[in-house]
Amino acid sequence: MAAKSKISRIRNIGIVAHIDAGKTTVTERILYYTGKSYKMGEVHDGEAVMDWMAQEQERGITITSAVTTCAWKNHEIHIIDTPGHVDFTIEVERSLRVLDGAVVVFCAVGCVEPQSETVWHQADKYGVPKIAFINKMDRVGADFFGAVEMMRDRFTSIPLPIQIPAGSEDNFRGTIDLISQKLLTWNDISQGMDYTVSEIPQEFAEQSRVKREELIETLADIDDDLAEKYLGGEEITADEIVEALRKVTISLKAVPVLCGTALRNKGIQPVLDAVIDYLPSPDDVPPVKGINPITKKEEIPHSSDKEPLSALAFKIVMDEGRKLTYLRIYSGQINTGDEVYNAAKKKKEKVARLLRMHANKRERIDKASAGELVAVLGLKETTTGDTLCDEKYPIMLEQIEFYEPVINQAIEAKTPADQEKLTASLSKLIQEDPTLRVKYDDETAQTVISGMGELHLEIIVDRLKREFNAQVNVGKPRVVHRETISRHVEAEGIFEKELGDKKHFGHVRLSLAPRKRGSGNVVINNLEPSIIPVEYHEAIVEGVKESLMSGVLSSYPVIDVEVKIIGGSYRDGEASLQGYKIATATAFRDGCNKADPVMLEPVMLVDIITPLEFMGDVIGDINSRKGEIQSINPKGNVSEVKAKVPLKAMFGYSTDLRSATQGRAVFSMIFAEYDKV
């Protein structure tokens with residue numbers, strides 16, 4: 001067989017899951033068994049390598065996605081360990097955007113939890129092939145086949161168990177590999193570094209035979225080459241199963257499922273083998289698409305060192321005051337000292353240093369090539385989502401979508417000295433986190449920060465105090481409202497004034513109409529050049545867009561409105577861009593006032609998993625918060641309740657839920673829509 005090319009030996013994978021399914025523990029084991037760490041860090045001791053921020057160690061959760069690189073069987077694996085908490089969904093979203101494959105970790109007791117569904121659908125959105133690892137097989141209530149069944153119900157890809165557990169809960173001994181038909185057991189003394197491959201014990205023989213037959217049968221259903229052999233009654237070899245599995249995984253038709261217990265050091269090496277056997281290299285995935293910013297034509301950079309450079313900046317981190325930019329290189333090469341072109345900002349940037357990251361530790365390298373994830377020092381202008389390329393071959397890769405914040409908090413500096421620190425620190429945090437917004441409120445002389453949830457803002461304030469030493473007083477979190485209109489109106493604005501020694505004139509007529517909730521704003525220019533010359537049209541459209549930023553009730557952004565520019569008039573010698581802009585703003589405000597404006601508040605989709613005995617209390621509590629139950633799905637001895645609840649009623653909910661259910665219920669919430677207050 002020909003030697004594999006370097007790029008075919010690269011795997012860019014993410015480890016994604018619901019909070020507490022054990023992602024970081026799985027990553028720690030991977031680093032230990034691949035020789036990257038000399039000892040295993042434990043999340044519960046606050047010693048996990050990948051959870052390096054103080055806030056992560058104290059809370060035992062992942063907040064920021066950490067990047068690391070390790071080697072396994074002559075392959076280079078770049079890993080991103082992502083957060084599971086819904087407030088940090090953007091971290092998962094932007095990681096999946098640059099990854100080629102994902103390991104989705106499920107808890108054998110909780111099975112498919114709300115956030116695992118969210119990350120699964122995010123991975124589908126970016127066409128990311130997956131393998132699943134059902135963790136915590138040693139826990140009371142672990143149910144491997146129940147988890148597989150639930151995956152089958154919830155997802156479009158077919159789950160294909162390639163292992164089954166030998167026992168469960170206290171009797172979990174190891175895993176049975178259905179492909180090689182062997183039992184794998186791990187050595188506790190070597191912390192799971194060594195494992196033994198032996199014959200399948202008699203008690204599991206029949207179940208293993210049936211499950212292997214099911215695996216081959218399902219594969220034959222989705223893979224034509226295998227179907228021919230299977231229907232012809234030929235013996236299917238282990239190599240043929242692996243080859244067919246790789247094909248159906250990369251084409252997103254199926255997901256290989258493995259099991260084990262990361263905390264007890266059982267089952268991790270087969271996951272690494274599966275990453276290499278079934279997940280794609282940068283060569284195996286469809287190439288990314290981009291647009292040439294000059295010709296506006298589609299360009300497709302192929303993952304090769306010989307092609308011109310194209311790389312996406314997917315994450316910015318402030319490290320000891322210096323800006324570190326994480327890149328995924330799609331084509332070409334980058335060397336230390338190179339000058340690269342930022343197509344989004346139309347500026348040249350200098351690569352001062354190239355680094356290979358291991359969580360927050362770094363190793364200097366001289367060059368990086370297509371398919372790799374690296375960090376760069378020295379890029380001053382680059383922000384998340386920008387494309388770096390060769391100026392002679394410009395390309396803009398598809399941007400990363402960001403979520404709109406739903407919660408506000410007022411903060412103010414304790415002393416004038418802290419005010420300077422606060423301004424500087426917030427500007428650094430905004431570069432890192434595209435879901436954080438900052439606004440200065442002149443009326444209250446307070447700075448207002450907006451984010452994705454209570455925990456998100458809590459972490460931001462904590463970082464301001466600790467990392468940047470900016471002492472602040474904090475107000476209560478408040479909901480971010482929106483405004484809209486209830487009926488169709490027409491309005492006009494006229495501006496005529498002498499400013500300095502020049503007359504300014506503008507006259508605009510607008511039509512405003514409400515749109516379906518969640519459909520966004522639309523601005524339509526119906527102006528005839530004979531009524532108002534074309535050179536003023538852009539200023540009028542700009543005036544409408546600026547007016548939409550601030551409504552007439554409480555200056556919140558206006559949403560779900562169609563604005564048509566339908567007329568106006570022109571005076572030669574007096575018409576001015578500024579005149580038309582002011583006339584547009586006047587027409588818009590008058591129109592909103594006449595169109596029965598209403599306030600909208602964010603409504604969240606809340607997903608609660610509770611033991612059955614607390615079901616009545618949980619539902620009663622949701623009703624008392626003016627929530628609307630969407631569905632109740634029993635799952636064995638627990639039930640999943642989905643409801644829509646106004647965000648303002650959800651403050652402090654985690655504490656109330658814990659006390660109502662003796663700490664046994666969990667919940668997650670994501671933004672659903674804006675609705676009338």
Side-chain angles (χ1 to χ4, degrees), residues 103-109 111-112 129-139 141-169 171-186 195-223 225-227 229-231 233-249 253-261 266-275 277-279 636:
V103 177
V104 188
V105 181
F106 294 97
C107 165
V109 185
C111 301
V112 180
K130 299 165 277 292
I131 58 176
F133 177 65
I134 296 179
N135 190 22
K136 306 193 181 185
M137 280 307 305
D138 58 324
R139 286 261 308 272
D143 180 1
F144 176 78
F145 296 108
V148 172
E149 212 37 61
M150 224 168 137
M151 290 165 72
R152 194 165 281 135
D153 289 346
R154 297 284 173 95
F155 306 132
T156 47
S157 318
I158 300 165
L160 291 176
I162 56 172
Q163 290 181 339
I164 57 170
S168 70
E169 302 184 354
N171 304 321
F172 179 66
R173 286 156 51 186
T175 63
I176 293 164
D177 185 328
L178 297 178
I179 300 172
S180 64
Q181 293 174 288
K182 295 284 186 224
L183 169 73
L184 312 181
T185 47
W186 277 264
Y195 62 98
T196 310
V197 179
S198 53
E199 293 307 315
I200 297 173
Q202 199 51 46
E203 62 191 287
F204 298 114
E206 179 57 20
Q207 188 189 28
S208 307
R209 188 192 63 71
V210 171
K211 292 294 174 193
R212 186 177 199 267
E213 192 57 36
E214 276 177 21
L215 169 67
I216 295 171
E217 207 173 289
T218 315
L219 266 177
D221 277 347
I222 44 184
D223 182 72
D225 300 342
L226 204 70
K229 292 198 77 166
Y230 179 70
L231 294 170
E234 292 177 53
E235 182 60 38
I236 310 268
T237 66
D239 285 351
E240 285 169 330
I241 295 177
V242 170
E243 194 182 323
L245 268 168
R246 181 175 181 82
K247 230 165 41 184
V248 298
T249 305
K253 288 176 188 158
V255 176
V257 183
L258 299 94
C259 62
T261 162
K266 294 181 167 88
I268 298 299
Q269 292 92 336
V271 172
L272 282 162
D273 292 341
V275 164
D277 290 342
Y278 310 124
L279 290 181

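These numbers come from a predicted model, not from an experiment.
When all heavy atoms of Ala220 and Ala227 are compared, the closest pair comes out as O-CB, 3.2 Å. Nearest heavy-atom pair, Lys253 versus Ile222, reported as atom, atom and distance to 0.1 Å: NZ-O, 3.9 Å. A pairwise comparison of heavy atoms in Trp186 and Pro270 identifies CZ2-CD, 3.6 Å as the closest pair. Counting all heavy atoms, side chain and backbone alike, Gln269 lies closest to Tyr195 at CB-CE2, 3.7 Å. Residues Val255 and Ala132 come closest through the heavy atom pair CG1-N, 3.7 Å. Across every non-hydrogen atom of Phe144 and Gln163, the tightest pair is CZ-O, 3.4 Å.
The side-chain hydrogen bond (donor to acceptor under 3.5 Å, both in side chains) search around Thr185 returns none, not counting sequence neighbours.
Interatomic distance, Ile134 CD1 to Met151 CE, rounded to the nearest 0.5 Å: 5.5 Å. Between the CG atom of Asp177 and the NZ atom of Lys182 there is a distance of 10.0 Å, given to the nearest 0.5 Å. Rounding to the nearest 0.5 Å places CG of Asn135 at 10.0 Å from SG of Cys259. The CD atom of Glu243 sits 8.5 Å away from the OG1 atom of Thr237 when rounded to the nearest 0.5 Å. Taken to the nearest 0.5 Å, the CG atom of Leu215 stands 6.5 Å off from the CD1 atom of Ile179. To the nearest 0.5 Å, the span separating CG on Asp223 from NZ on Lys229 amounts to 11.5 Å.
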**Report entry** Worked check of side-chain contact (heavy atoms from CB on, under 4.5 Å) between Phe172 and Thr261
**Finding:** CA-CA 9 Å; Phe172 179 66; Thr261 162; 3.6 Å; yes
Query - Stepwise side-chain contact (heavy atoms from CB on, under 4.5 Å) check, Ile200 with Gln181 - result: CA-CA 7 Å; Ile200 297 173; Gln181 293 174 288; 4.2 Å; yes
**Report entry** Test log, rule side-chain contact (heavy atoms from CB on, under 4.5 Å), inputs Arg173 and Phe204
**Finding:** CA-CA 12 Å; Arg173 286 156 51 186; Phe204 298 114; 3.9 Å; yes
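For Arg152 (side chain) and Ile158 (main-chain N/O), no donor-acceptor pair under 3.5 Å exists by modelled atom type.
Atom CD of Glu203 sits in a crowded spot, with more than 12 heavy atoms from other residues, nucleotides or ligands closer than 6.0 Å.
Checking each of Asp277, Leu258, Leu178 against Ile162 for a side chain to side chain contact (heavy atoms under 4.5 Å, CB included) leaves exactly one that passes, namely Leu258.
Tyr230 is not listed as a side-chain neighbour of Leu219, based on a closest heavy-atom distance of 4.5 Å or more. With a 4.5 Å cut-off on side-chain heavy atoms, Val248 and Tyr278 do not count as touching.
With a 6.0 Å cutoff to the six-membered ring centre and a 45° limit on the axis angle, Lys211 counts as a cation-pi contact of Phe145.
Between Arg209 and Glu206 a salt bridge is recorded (basic side-chain N to carboxylate O distance below 4.0 Å). A salt bridge links Asp225 with Lys247: the closest approach of a Lys/Arg side-chain nitrogen to an acidic carboxylate oxygen falls below 4.0 angstrom.
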